[in-house]
Amino acid sequence: MAQIVKAIRGTRDLLPPETALWNRVERTAREVFARYNFGEIRTPVLEATELFARGVGEETDIVSKEMYTWEDRARAASEKPQSLTLRPENTAGVVRAYIEHKLGDTGQLQKLYYIGPQFRRERPQKGRYRQFFQIGAEVIGPATSGSESPLRDAEILEMLATLLDELGIPRASAANEYKGWRLHLNSVGSSTDRPRYVAALREALLPVKDRMCPDNQRRAETNPLRVLDSKDEADQEIINGLPKIADYLDEASTAHFTAVRAALDACEVPYTVNPRLVRGLDYYTRTTFEFTVDLGLGTQNALLGGGRYDGLSEMLGGPKAPGIGFAIGEDRLILTLQALAESAAAASGEVPTEPKVDAYIAPLSPAQDAAALALARTLRSKGLSIEVGDGTFRLKKSFDAADRVARSIVILGEDEVASQTATVKTFSTGDQSKVAFSDLATTLRS
RNA sequence: GCGGCUAUAGUUCAGGGGUUAGAACGCGGGUCUGUGGCACCCGAUGUCGAGGGUUCAAAUCCCUCUAGCCGCCCCA
């Protein structure tokens, strides 16, 4: 017995009508990004493994255990085998393209956005897939282009707040029981601040780590920053006594962070400074942030994350090119919007209806099939959305089908074709009338 | 990667060793020849996730696998 082939674990098919929501989200994102003068970049799904090892960090979970990596065999004696990886994130690829195309030599600030699939081999869960989609943007350029300015950080964050507003995701407030988005903000310091802080953290952890939970003991060794956002109740007291990153920022970093916050205040973007917010990728410096939302995502409540990566270009062998960017988990954004729509429907008691086409053309017998298709062609060319039935259907069945997908039914029998006049019935009003083919588009549009 | 829960019709779910597996919605048809939605009637839903085992007998109990979900880990 033949087994059917199924989508592999952690991947999924997106079908109508859900894809309409994906399209709306992407359209809104493109419109908002365009208003902020971002242009689209599309980088390959496949990159050299080395890009992520150097950019994201050899020791991160993403690189050390979650990448889809394989050796691409040599096809000719002149070729060398190469280790390839399905991109687990898109920032490294964008910076690679920035370096490769010498975009820095233009002297201009580059504002780029992307929308596309990313791949990580994690255990799938709601809001966490092995192929998932990110909508992201990067602002990068030589320091003389203003890429390092706190203004850029604030602009990115204000743009994100605008995007979420326009998508209809509310801001968390007491009024909505904090069921909305929240911006968590922190500065993890410059590329010199951070190592000093990590060293201090390691030292402070040494005498106390034996009293912490096993997870934190492990983190204290491998990635001390992660101890900070531990959820373990018993360890909170110890964590509160650990050195604070704010005390290890140099003057420039402190001033930078202060300026970011002042600009956010001026733009009325609400945020919470969370000194424990750390990011899992090695390239982050200074401003880091995360938007969370308590809606439909369960434990995977991080909707998007990002931050500054002033040293990434150099890590990848490029020129100095400070930058800042973010990635939105599009799958999680969709889940949030669906949860929102569901609770709105529950509150109003209304059943959400799927969008309908303008008209359904019902030929009464196969003799009218060709005329029906020709009429559909004319109406479609005038911009109307049309579904066409089949002459083998009984009229009752046509009505049933039409009511499901269309706002009006256009009945086409022998008389109608002969007189070039259709019988039109509008479902919402129940009105029925005879309309000349030449006036049909106008009638259906009203 | 670790721990747990779950898998039955297109969908949501009931059935928890006994011979022919159910409901609702949805679907097809009829009452109803070119006027639907309501109503009534009829019908099909299906290898009970896959494979193996126990048993006279397995959807039901056991094992393995696969997948989804929940919690960790991590992250978007």
Side-chain angles (χ1 to χ4, degrees), chain A residues 1-12 15 56 59-66 87-91 115-136 160 213-216 218-219 222-223 225-226 229-232 277-281 284 289-293 297-307 325-336 351 360 362-365 368 389 391 393-406 408-416 422-428 430-432:
Chain A
M1 187 240 322
Q3 288 291 316
I4 60 166
V5 179
K6 293 189 287 189
I8 62 177
R9 181 173 210 194
T11 72
R12 59 205 183 122
L15 307 169
V56 176
E59 301 306 317
T60 61
D61 276 16
I62 292 176
V63 172
S64 65
K65 53 193 192 200
E66 294 175 0
R87 64 183 185 199
E89 58 97 57
N90 218 331
T91 298
I115 298 175
Q118 318 293 336
F119 305 84
R120 291 182 200 172
R121 200 180 182 292
E122 295 185 275
R123 179 122 160 203
Q125 232 175 86
K126 190 176 195 176
R128 185 159 96 184
Y129 308 99
R130 290 183 170 184
Q131 174 178 313
F132 60 102
F133 290 80
Q134 285 188 334
I135 300 175
L160 283 165
C213 71
D215 268 339
N216 279 331
R218 180 181 51 75
R219 290 177 180 131
T222 59
N223 194 347
L225 287 171
R226 292 242 76 94
D229 62 352
S230 163
K231 289 167 199 137
D232 192 282
L277 176 69
V278 293
R279 311 252 84 235
L281 286 63
Y284 284 116
F289 55 86
E290 189 170 281
F291 282 66
T292 59
V293 63
L297 290 175
T299 184
Q300 317 294 332
N301 70 343
L303 190 61
L304 71 93
F326 64 84
I328 304 171
E330 189 175 3
D331 305 75
R332 293 181 182 182
L333 188 56
I334 296 287
L335 247 22
T336 301
V351 184
Y360 182 102
L364 287 176
S365 80
Q368 285 85 47
F393 293 173
R394 292 178 52 178
L395 188 58
K396 174 189 159 102
K397 179 171 171 173
S398 290
F399 260 96
D400 214 37
D403 195 21
R404 205 164 27 233
V405 304
S408 296
I409 184 169
V410 173
I411 298 166
L412 216 55
E414 211 175 327
D415 298 347
E416 282 87 351
T423 302
V424 180
K425 186 164 187 173
T426 307
F427 292 118
S428 60
D431 294 345
Q432 182 170 323

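Residue numbers start from 1 in every chain, and the chains themselves are labelled A, B, ... in the order their sequence lines are given, proteins ahead of strands. Note that the structure is a prediction, hence the values are computed from the model and not measured.
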What is the distance from CG of A:Leu395 to P of B:rG37, rounded to the nearest Å? 11 Å
Let's test this: given Watson-Crick or G-U wobble pairing with both distances under 3.5 Å, identify the partner of B:rU55. none
For nucleotides B:rC74 and B:rG3, find the distance between their C1' atoms and express it as a whole number of Å. 16 Å
Rounded to whole Å, NZ of A:Lys397 lies from C1' of B:rU33 at a distance of 17 Å
Polar side-chain contact A:Arg128-B:rA76 base: donor and acceptor under 3.5 Å: no
Does B:rG71 have a Watson-Crick or wobble partner in any strand here, with both distances under 3.5 angstrom, and which is it? B:rC2
Inter-nucleotide P distance (B:rU54, B:rC72), Å rounded: 41 Å
Against the side chain of A:Pro124, the closest entry in B:rC74, B:rA76, B:rC69 is B:rC69
B:rU64 -> Watson-Crick or G-U wobble partner, both distances under 3.5 Å, gives B:rA50
Distance, P atom - from B:rC27 to B:rA21, rounded to whole angstrom: 26 Å
Considering every strand shown, what is the Watson-Crick or G-U wobble mate of B:rG16 when both distances are under 3.5 Å? none
A:Gln432, CD: over 12 other non-hydrogen atoms inside 6.0 angstrom: yes
Any sub-3.5 Å donor-acceptor pair from A:Arg128's side-chain atoms to A:Arg123's backbone N or O? yes
Main chain of A:Leu297, side chain of A:Gln300: is a donor-acceptor contact present, judged purely on distance under 3.5 Å? no
C1' spacing across the pair B:rA59 / B:rC48, given as an integer number of angstrom: 4 Å
Between P on B:rU35 and CD on A:Gln432, what's the gap in Å once rounded to a whole number? 10 Å
d(CZ, A:Arg394; C1', B:rC27) in whole Å: 16 Å
How close or far is atom C1' of B:rG30 from atom NZ of A:Lys396, stated in whole angstroms? 8 Å
Taking the nucleotide of RNA chain B with the closest heavy atom to each, which residue, A:Leu364 or A:Gly10, is nearer the 5' end? A:Leu364
Would one find a side-chain N or O of A:Arg123 under 4.0 angstrom from OP1 or OP2 of B:rC70? no
Could one point to a donor on the side chain of A:Glu414 or the base of B:rG34 with an acceptor on the other under 3.5 Å away? no
How far, in whole Å, is B:rU8 from B:rG15 if one measures between their C1' atoms? 9 Å
When rounded to the nearest 0.5 Å, the distance separating CZ of A:Phe326 from CG of A:Leu304 is 7.0 Å
Can you tell whether the side chains of A:Asp400 and A:Lys397 come within less than 4.0 Å, N to carboxylate O? no
Nearest listed nucleotide, side chain of A:Glu66, among B:rU31, B:rC75, B:rC74: B:rC74
Pair A:Glu59, A:Thr222: side-chain N/O donor-acceptor within cut-off below 3.5 Å: no
Rounded to whole Å, CD of A:Glu122 lies from C1' of B:rG1 at a distance of 11 Å
With the side chain defined as heavy atoms from C-beta on, A:Arg120 is closest, among B:rU35, B:rA76, B:rG68, to B:rA76
Nucleotide B:rG1, atom P - distance to CD1 of A:Ile62 in whole Å: 16 Å
Residue pair A:Gln134/A:Lys425 against RNA chain B: nearer the 5' end by closest nucleotide is A:Lys425
May I ask you to evaluate whether A:Arg12 reaches the phosphate of B:rG68, defined as a side-chain N or O under 4.0 Å from OP1 or OP2? no
Do side-chain atoms of A:Asp331 reach the backbone of A:Phe133 as a donor and acceptor pair under 3.5 angstrom? yes
Would you check if A:Phe132 stacks with the base of B:rA76, given a 5.5 Å centroid limit and a 30° plane limit, both strict? yes
Do the side-chain N or O atoms of A:Arg9 get closer than 4.0 angstrom to the phosphate oxygens (OP1, OP2) of B:rA67? yes
With a 3.5 Å cut-off and heavy atoms only, can you find an N or O donor on one side and an acceptor on the other between the side chain of A:Arg332 and the base of B:rC75? yes
Is B:rG43 paired to anything, Watson-Crick or G-U wobble with both distances less than 3.5 Å, and if yes, which nucleotide? B:rC27
In whole Å, what separates the C1' atom of B:rG51 from that of B:rC56? 23 Å
Would you say A:Arg404 places a side-chain N or O within less than 4.0 Å of OP1 or OP2 belonging to B:rC27? yes
Expressed as a whole number of Å, how far does the P atom of B:rC25 sit from that of B:rC65? 41 Å
Syn within 90° of 0, anti beyond: B:rG16 is syn
Starting at CG of A:Leu297 and ending at C1' of B:rG71, how long is that distance when rounded to a whole Å? 16 Å
Can you tell me how far P in B:rU11 sits from the matching atom in B:rG49, rounded to whole Å? 13 Å
Mind checking A:Glu416 for me? I need base, sugar-phosphate or nothing, with any heavy atom below 4.0 Å counting as a touch. base
